[in-house]
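Predicted, not measured: the structure shown is a model, and the values here were computed from it.
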Amino acid sequence: MKYASVIVDVPSMQTDRSFDYKIPEEWQGFLTPGMRVVVPFGPRKIQGFVVETKEHSDFKRLKSITECLDLTPCLTKELLQVGHWLTEKTLCFKISAFQAMLPAAMKAKYEKVLSLTQDEHLLNISDQLKPFFQKQSQVDFKEIEQVVSLKTIQKDIENGYVELIYKVKQKGNKKRIKMINLNVSFSELEDKMNNIPVNAKKQLEVLQYFKDNEVKTITLQDLLAATNVSDASVKALIAKEILSEKYQEVYRDPYQDREFKKTNALLLNHEQQQAIKPILSSIEENEHHVFLMYGVTGSGKTEVYLQSIEEVLKNGKEAIVLVPEISLTPQMVNRFKGRFGSKVAVLHSGLSTGEKYDEWRKIQRKEVQLVVGARSAIFAPFENLGMIIIDEEHESSYKQEENPRYHARDVAIYRARNHRCPVVLGSATPTLESFARAQKGVYKLLSLKERVNKRSMPAVDIVDMREELRNGNRSMFSTSLIEKLTERLEKGEQSVLFLNKRGYSSFVMCRDCGFVIQCPHCDISLTYHRFGQQLKCHYCGHEEHMPNVCPECQSEHIRFFGTGTQRVEEELVKVLPESRIIRMDVDTTGKKGAHEKLLTKFGNKEADILLGTQMIAKGLDFPDVTLVGVLTADTMLHLPDFRASEKTFQLLTQVSGRAGRHELPGEVIIQTYTPEHYSIQLASQYDYDAFYEQEMFLRKSHAYPPYYYLTLITISHPEITKVVAVTEKIVQYLNRNLSNTTKILGPVASPIPRIKDRYRYQCMVKYKRENNLHETLRKIIDHFQQEMSSDDLAITIDLSPNTMM
DNA sequence: AGCACGCCGACT
DNA sequence: GTCGGCGTGCTC
């Protein structure tokens, strides 16, 4: 093949197509689709993906590919196809789709350097440039640009004294370590050792090490540690050619210090057996099915996953397991590593760029057969997929909230169809979408209704906080919660307190005039941070100092409201001074590994109460936790989000599951200001089916998913008139081009009408069937393309928004 | 996204 | 008459 079609790394409408290049002769026959290359593009050099190789090209003045970055394609044939599908499905650029499928380390980094064409030209260049080139012939262009005018530089470029060089680099790199090798046989070694000068004691020591341990190769690091010599002695021996050094590529192993106890398959109970049967037969028959495994917390879903995976691996195939965010649940990693050992790669956001890259390469090189990871692990470059599992299927983090706005569930089903293998979606509180599909028979429903230990779910007590207030209790803890906490302290059992902070942060308000301090750039109230008495905006990062008096009325009664974990902790210490508390929030878990450390500490019973936000809702399993308290169950209910009830139900169910998982029976207390709300009531009764019925009824009457599909179009611009005008035009266009059963809502201001000094308007499309939708949306983007690039107009389209925000 | 090209107003 | 503003269009 002489020519290659390349998708270039320029995310824009006009370059969202392939460009043809000549393949240099030495790479013909070797260069294949899915490889990354560096190509000349205009005056610069950029990265690109080969999507096709061919014998002919219609384009006349072809340039040649500059560099090939991969020895084997980093995108398999299948993933290339998945990329094209993603582009269509989410209306993103092809390059964005490809990049989303690879670890960030493989994304290109661009550098511009100014370089002397010849050393002698140092005398000729302008005086302003001279100081830069005294010691080096290449200088980072950014440094020069700040000091020297572009015109001066341009002149010297024209004169041919200097040139601009565009460099393409990778963000991450392979890690290499120095290996030290013994060049002589052990019999010769004795001889050599006698020839070492007597004053070179350290060198002798090094050789003695090789002799004693009978090793020929060791890492430099280990050698130095074992012998307590400096690398100077090693270098000397290398110079004498007794030793040699070489670099070897190694993987960074984020779990290297951890031991995983090998576990064996547990005996499945009757329900689990019934559930695993159809999955196994789907694996055996090579048939694509989607299973919804609806199992209450503690029903042993994971064991079913593990045994299904075992079958897949036995058949010589590979499996992907998606989990919400496993850096948060080391217990989950342990279970997979424990069962499958080194066959597992782990991919999650807690890893560094380099670590993720290494785990990814293990997959690419077929060194592992199983991936456990967060959302993007769905793109693992396996070629022989036997199963995909999505645990906690209802988690909203499976949807990416930036381009490409894909849902991992959709990708999973698409890939599984390609490989003719099963998808297993597991949850105790499935999304309405999935459960409805299971009811219709699109997915196959597998139910696990009993808990493995036969324990009943912990009893849930709903406390009406309005009542507490009427009885004169103005604290954030109800009388009953304090009672139960005290009881646990006395018995030496543990408690978990959960603060639902979403959509409800500590804002600052004046008690006299009611003025709330807002961000000057966004229409959102600022959040109070105790650290440094700062007020911060969560959307644009704006910071200001907490004022002493109200900016409106100069009153001194300006306070922060709302409840942060810090405040809860302070209050708690006042009420229960003898309790030992661990607080988990962004502040205390900022550092890498801090999260796990705190949990271990809690597990070792070094604290009585674990206090935290969302992050403690998932996957915690401590035998001595017998009380779970939810401080404010309803904060989320009042968000402008059609999934608010569903999310509340899911969260409460999940949190309740943290209590009494082992021998000791558990108890749950839910504090709320709306105790009558069905999602709170039904969560307390663990009645998913009733919740499903009720919520489906409401979704139907308000035309929301799963009855209707949604598409959210958000328009933003610094001027409000412009935003309104564009949104109106878009709504008109949609009305003219979409079918009349489709509902088009808008234009309306977005729930947050201004972010970073940009006004935001939106339009929601609700439809059941709309063949024209993608085409129509493409046309809208095309139409506004110029204004988007030149006039700072932004249009974002989300084809299955999780919320209305 | 960059970058060159080109057309217009403001200045030596 | 030249310099520099940024609107327009191209990149294999």
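- C/dC12 has no base stacking with the ring of A/Phe19 when judged by centroids under 5.5 angstrom apart and an interplanar angle below 30°.
- Atom-to-atom, CD of A/Glu145 to P of B/dG2 comes out at 12 Å; the value is rounded to the nearest Å.
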Could I get a table of every N or O pair under 3.5 Å where one atom is in the protein and the other is in nucleotides 6-10 of chain C?
unit_1	atom_1	unit_2	atom_2	d
C/dC10	N4	A/Gln14	OE1	3.3

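- Judged by distance alone, the side chain of A/Arg405 and the main-chain N or O of A/Glu401 form a donor-acceptor pair under 3.5 Å.
- Regarding A/Lys107, its NZ atom lies at a distance of 12 Å from the P atom of B/dA1, rounded to whole Å.
- Straight-line distance from the CG atom of A/Asp58 to the C1' atom of C/dC12: 12 Å, rounded to whole Å.
- Remark: the backbone N or O of A/Ile752 is not paired with any side-chain donor or acceptor of A/Ser750 at under 3.5 angstrom.
- Between A/Trp85 and A/Tyr414, the angle of the ring planes stays under 30°, which puts this pair in the parallel group of the 30/60° scheme.
- For A/Tyr251 (side chain) and A/Tyr357 (main-chain N/O), no donor-acceptor pair under 3.5 Å exists by modelled atom type.
- The nearest whole Å value for the distance from the CD1 atom in A/Ile153 to the C1' atom in B/dC3 is 15 Å.
- Atoms OH (A/Tyr110) and P (B/dC3) sit 13 Å apart, rounded to a whole Å.
- In this structure, A/Asp792 pairs ionically with A/Arg758, as a charged nitrogen and a carboxylate oxygen lie closer than 4.0 Å.
- Residue A/Phe59 is in base contact, counting any heavy-atom pair closer than 4.0 Å across all strands shown.
- Set against C/dT11, B/dC3, C/dC12, the side chain of A/Lys63 has C/dC12 as its closest nucleotide.
- In terms of phosphate contacts, A/Arg44 brings a side-chain nitrogen or oxygen within less than 4.0 Å of OP1 or OP2 of B/dG2.
- In this structure, A/Lys112 reaches the B/dC3 phosphate: one of its side-chain N or O atoms is under 4.0 Å from OP1 or OP2.
- Side chain of A/Gln28 to main chain of A/Ile23: a donor-acceptor pair is present (N/O by atom type, distance under 3.5 Å, no hydrogens or angles).
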Note to self: Treating primed atoms plus P, OP1 and OP2 as sugar-phosphate and everything else as base, which nucleotides of nucleotides 4-12 of chain B get B, S or - for protein heavy atoms under 4.0 Å?
What the structure shows: ---------
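- Contact check on A/Asp358 versus A/Lys175 returns no salt bridge, with no Lys/Arg side-chain nitrogen under 4.0 Å from an Asp/Glu carboxylate oxygen.
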Item checked: Derivation and outcome, side chain to side chain contact (heavy atoms under 4.5 Å, CB included), residues A/Tyr767 and A/Lys743 -> CA-CA 6 Å; A/Tyr767 62 99; A/Lys743 297 166 197 247; over 6 Å; no
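- OP1 or OP2 of C/dG4 sits under 4.0 Å from a side-chain N or O of A/Lys151.
- For the pair A/Leu62 CG and C/dC12 P, the interatomic distance rounds to 10 Å; values are reported in whole Å.
- If you take CZ of A/Phe41 and P of C/dT11, they are 8 Å apart, rounded to a whole angstrom.
- One atom, CD of A/Gln786, and another, P of B/dA1, lie 14 Å apart when rounded to the nearest Å.
- One N or O on the side chain of A/Asn737 and one on the backbone of A/Tyr733 form a donor-acceptor pair closer than 3.5 Å.
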